[in-house]
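Read the structure below first, then the notes.
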Amino acid sequence: MSDPNTEDIDLYAHELGLIKSVLTEDGVECIETDGAVTDEGFEHESSAEAEGVPVDRGLDESLSCQKVIEDVLNKSVTDCGAPFEEVALHALLALCDRNYPEWMRVRAQLKSANKNISLIKLDKAISQLGKSLKEVAPTHFGYAKDIREKLSVGGCMPVTVHGVLYVPDATSQLWVELPFSELQATVASEHDGKANCIRQEDYYSIAKVVLTLRDRSSFFEDAPEGVACLRSFYSVRDGKICKEALELKHRQQRSLPYEPEDVPTPLYDAFRAETFHSVNEGEAREQIRLLDEFAGASMLGIGHRFQKAFVWMDRYGRAGKGAMQEILGHLVHPDLTSAISPLNWGRGSEYYVACLAGMRMNVVGELPENASIPAAEFKSVLGGDLLTGRMPGHPPFAFRNRAMHLLMTNHAIKVNEHSEAFYARWKLMEFPNSRLKSGKPLDASLASRIANAELPGIAYKALKGAERLLGQGAFSDSKVHDRLMAEWRVSANSLQEFIYENCELGGDKILVRRSSFYKTYVHWCRENGRIAYANSRVKDMLTHSLKLGIRASVLDGHEVYRGVRFKLETPAEFNLNLERVDGLKDACASSDGIPAAGQCDADF
């Protein structure tokens with residue numbers, strides 16, 4: 001059993017940096033917690049198992065402060081110089097400063113062990129060591145190191161992220177941003193009037209040096225995924241919601257002012273039921289399920305894993321989008337929420353893109369009807385590619401998107417790309433019950449009433465949604481999403497709409513000549529006020545669409561599309577040059593209609 005008189009000495013020596021503990025690269029102690037016990041629906045870390053792996057101590061990272069003193073006492077019996085060794089002096093200094101009565105006992109034991117040990121010289125050596133440790137080199141670098149030490153807490157040192165200094169706060173267990181002006185003021189208050197620290201330019205230069213001492217651009221990106229609530233940290237591990245005491249090792253910048261609780265939420269449940277009510281069976285249930293997963297992903301900061309942008313669509317207005325967003329907005333701290341439209345993600349928008357760094361949710365209230373989203377940049381942001389941003393007055397920096405993106409609109413979003421990769425980035429939800437359409441009165445205070453009364457229960461539902469999301473590995477399916485996506489793909493693409501209205505899809509037995517198809521498509525676009533794609537672009541879009549199942553080939557010397565043909569009811573003015581296809585001799589087909597190997601039907 002350890003000596004209670006030396007336990008606090010170990011702690012004090014660790015705080016001074018005299019006796020080192022094993023630290024992670026970013027200065028947080030390597031203490032892992034495994035195992036949990038159930039308590040009110042959450043998995044709590046066991047206090048007995050949360051003590052972590054054994055941490056070696058000592059200047060050589062192998063001896064504890066107590067062990068050093070014990071070794072000194074043993075060596076002193078035959079070696080009067082043992083107490084004067086560097087490691088011994090550091091341990092004895094920590095003991096002297098922290099627990100003077102115990103130091104006097106050890107001092108007496110040293111004299112008793114060896115009469116040749118000079119206690120006067122030992123006292124002088126310890127005093128000189130203490131003074132040297134407290135001295136600060138009168139240089140900008142020396143002052144900067146001293147400021148860093150003074151801002152450190154329990155071995156956790158301040159860290160610079162994207163040009164901003166974050167300092168650990170012992171009270172809240174959060175990493176707090178320290179404005180550069182306050183950092184300069186701290187320098188002045190600690191060292192004003194000393195050599196090389198007498199002018200404002202000196203304060204500025206020293207503060208700049210502080211920023212360079214520990215620059216970790218990915219410090220918060222590499223943090224454990226979860227959310228801080230008051231004094232607790234919630235995460236989902238091994239398919240279960242886990243709750244543990246909030247610590248600096250969690251690297252959280254903000255905490256929510258409430259704790260999730262498994263309590264009834266009648267107002268919130270009634271609001272969601274009315275908002276998503278549908279005559280089609282199962283649609284409301286699927287959308288509510290998807291909403292909980294979206295809320296949980298945003299709350300825990302895990303939405304970026306799934307590379308989806310959510311779209312809340314309301315064709316008439318006043319259907320509950322704004323109220324729902326206001327309620328769920330309480331699940332993410334306001335300082336971790338941005339409002340950067342994807343229209344500002346394009347080339348030359350590094351200042352806008354920089355605002356996404358470190359965010360958990362990006363909410364865009366409305367998109368203009370005629371503006372197109374830059375598809376390449378949109379896929380880069382959602383896909384987790386390395387992005388370049390820049391804050392005014394700071395150099396460019398690289399980061400990856402960690403935010404969940406929510407776009408709200410009353411119309412189909414205009415896009416110029418129609419690839420499967422692009423459409424796969426979206427998750428669509430519909431708010432079908434407009435109060436403008438139904439004539440029901442509006443309730444301006446509904447969202448605030450629900451949030452004020454039921455926020456802990458709403459947060460718990462969100463955590464359960466995140467738990468389900470991580471267990472599934474993907475957002476839940478939704479018939480509403482499938483329907484809206486099919487409608488969007490048709491309306492956003494003139495070729496898709498043309499096929500939807502005028503063509504039938506099938507296997508290789510049906511076909512149409514490529515030239516005839518394109519002439520008919522161009523004529524249809526002209527008559528309907530749509531813009532036609534180039535012939536080569538049409539071929540590329542048809543043959544690379546997984547949903548259409550169309551391929552291009554050569555039949556009897558003519559280019560044809562297999563897997564598509566015009567409908568019999570296609571208007572005559574759109575049914576151009578079809579007779580040549582009907583007269584083609586399918587020399588590549590066997591008697592049963594299946595192309596024979598080695599014949600003239602070839603892909604192109």
Side-chain angles (χ1 to χ4, degrees), residues 8-9 11-21 23-29 59 65 86 89-98 100 123-217 219-220 248 251 253 391-395 397:
D8 55 351
I9 305 305
L11 176 61
Y12 181 65
H14 171 59
E15 292 175 351
L16 288 178
L18 305 179
I19 305 300
K20 301 178 182 177
S21 63
L23 303 178
T24 65
E25 178 183 354
D26 294 305
V28 182
E29 291 189 27
L59 292 178
C65 183
E86 183 180 1
L89 288 175
H90 279 288
L92 294 174
L93 172 62
L95 177 62
C96 178
D97 287 345
R98 189 68 174 179
Y100 192 77
D123 291 340
K124 184 177 180 180
I126 292 176
S127 177
Q128 289 177 345
L129 176 62
K131 290 180 180 179
S132 67
L133 292 175
K134 294 177 181 179
E135 289 179 357
V136 178
T139 64
H140 286 187
F141 182 72
Y143 294 139
K145 286 177 55 181
D146 182 66
I147 293 298
R148 181 184 65 173
E149 293 300 323
K150 285 181 167 59
L151 294 176
S152 299
V153 173
C156 296
M157 297 181 293
V159 61
T160 302
V161 180
H162 302 152
V164 178
L165 186 68
Y166 291 86
V167 299
D169 183 77
T171 303
S172 65
Q173 293 294 301
L174 298 173
W175 291 82
V176 182
E177 178 181 338
L178 184 66
F180 190 72
S181 58
E182 291 188 22
L183 180 58
Q184 292 185 78
T186 301
V187 171
S189 64
E190 292 292 336
H191 300 293
D192 184 38
K194 298 179 182 178
N196 299 318
C197 188
I198 57 177
R199 299 175 301 172
Q200 195 277 334
E201 291 84 354
D202 294 326
Y203 312 149
Y204 177 88
S205 298
I206 294 170
K208 280 293 186 181
V209 174
V210 174
L211 295 181
T212 65
L213 292 179
R214 188 161 174 258
D215 195 334
R216 302 285 188 275
S217 60
F219 183 77
F220 294 116
L248 290 171
R251 301 186 194 176
Q253 299 169 259
M391 290 295 186
H394 294 279
F397 63 90

task: Apply side-chain contact (heavy atoms from CB on, under 4.5 Å) to K208 and F180, showing your working.
output: CA-CA 9 Å; K208 280 293 186 181; F180 190 72; 4.0 Å; yes
message: Determine whether T186 and V210 satisfy the following criterion, side-chain contact (heavy atoms from CB on, under 4.5 Å), listing intermediate values before the conclusion.
response: CA-CA 11 Å; T186 301; V210 174; over 6 Å; no
Reported CG-to-CG distance for the pair L183 and L211, which is rounded to 0.5 angstrom: 6.0 Å
query: Can you name the nearest heavy-atom pair linking W175 to P158, along with the distance?
result: CZ3-CA, 4.4 Å
field: Gap between atom CZ of R148 and atom CG of L165 - 0.5 Å precision
entry: 11.0 Å
- prompt: For H162, which residues count as a ring pair (Phe, Tyr, Trp, His ring centres under 6.0 Å) partner, sequence neighbours excluded?
  reply: F397
- prompt: Looking at CG of D202 and NZ of K194, how far apart are the two atoms once the value is rounded to the nearest 0.5 Å?
  reply: 13.5 Å
- prompt: Heavy-atom distance under 4.5 Å between the side chains of L92 and L129, does that happen here?
  reply: no
- line: In short, salt bridge (charged side-chain N to carboxylate O under 4.0 Å, His left out) pairs touching residues 136-147 with sequence neighbours left out are D146-K150
- prompt: Between N196 and P138, is there a donor-acceptor pair closer than 3.5 Å when you use the side chain of the first and the backbone of the second?
  reply: yes
- request: Report the distance from atom CD1 of I147 to atom OG of S152, rounding to the nearest 0.5 Å.
  value: 11.0 Å
query: When the ring centroid of F219 is compared with that of Y166, is the distance short of 6.0 Å?
result: no
- line: To the nearest 0.5 Å, atom CG of D192 lies from atom CD of Q200 at 11.5 Å
- request: Among residues two or more places apart or on two chains, list those pairs meeting salt bridge (charged side-chain N to carboxylate O under 4.0 Å, His left out) that have a residue in residues 170-190.
  value: none
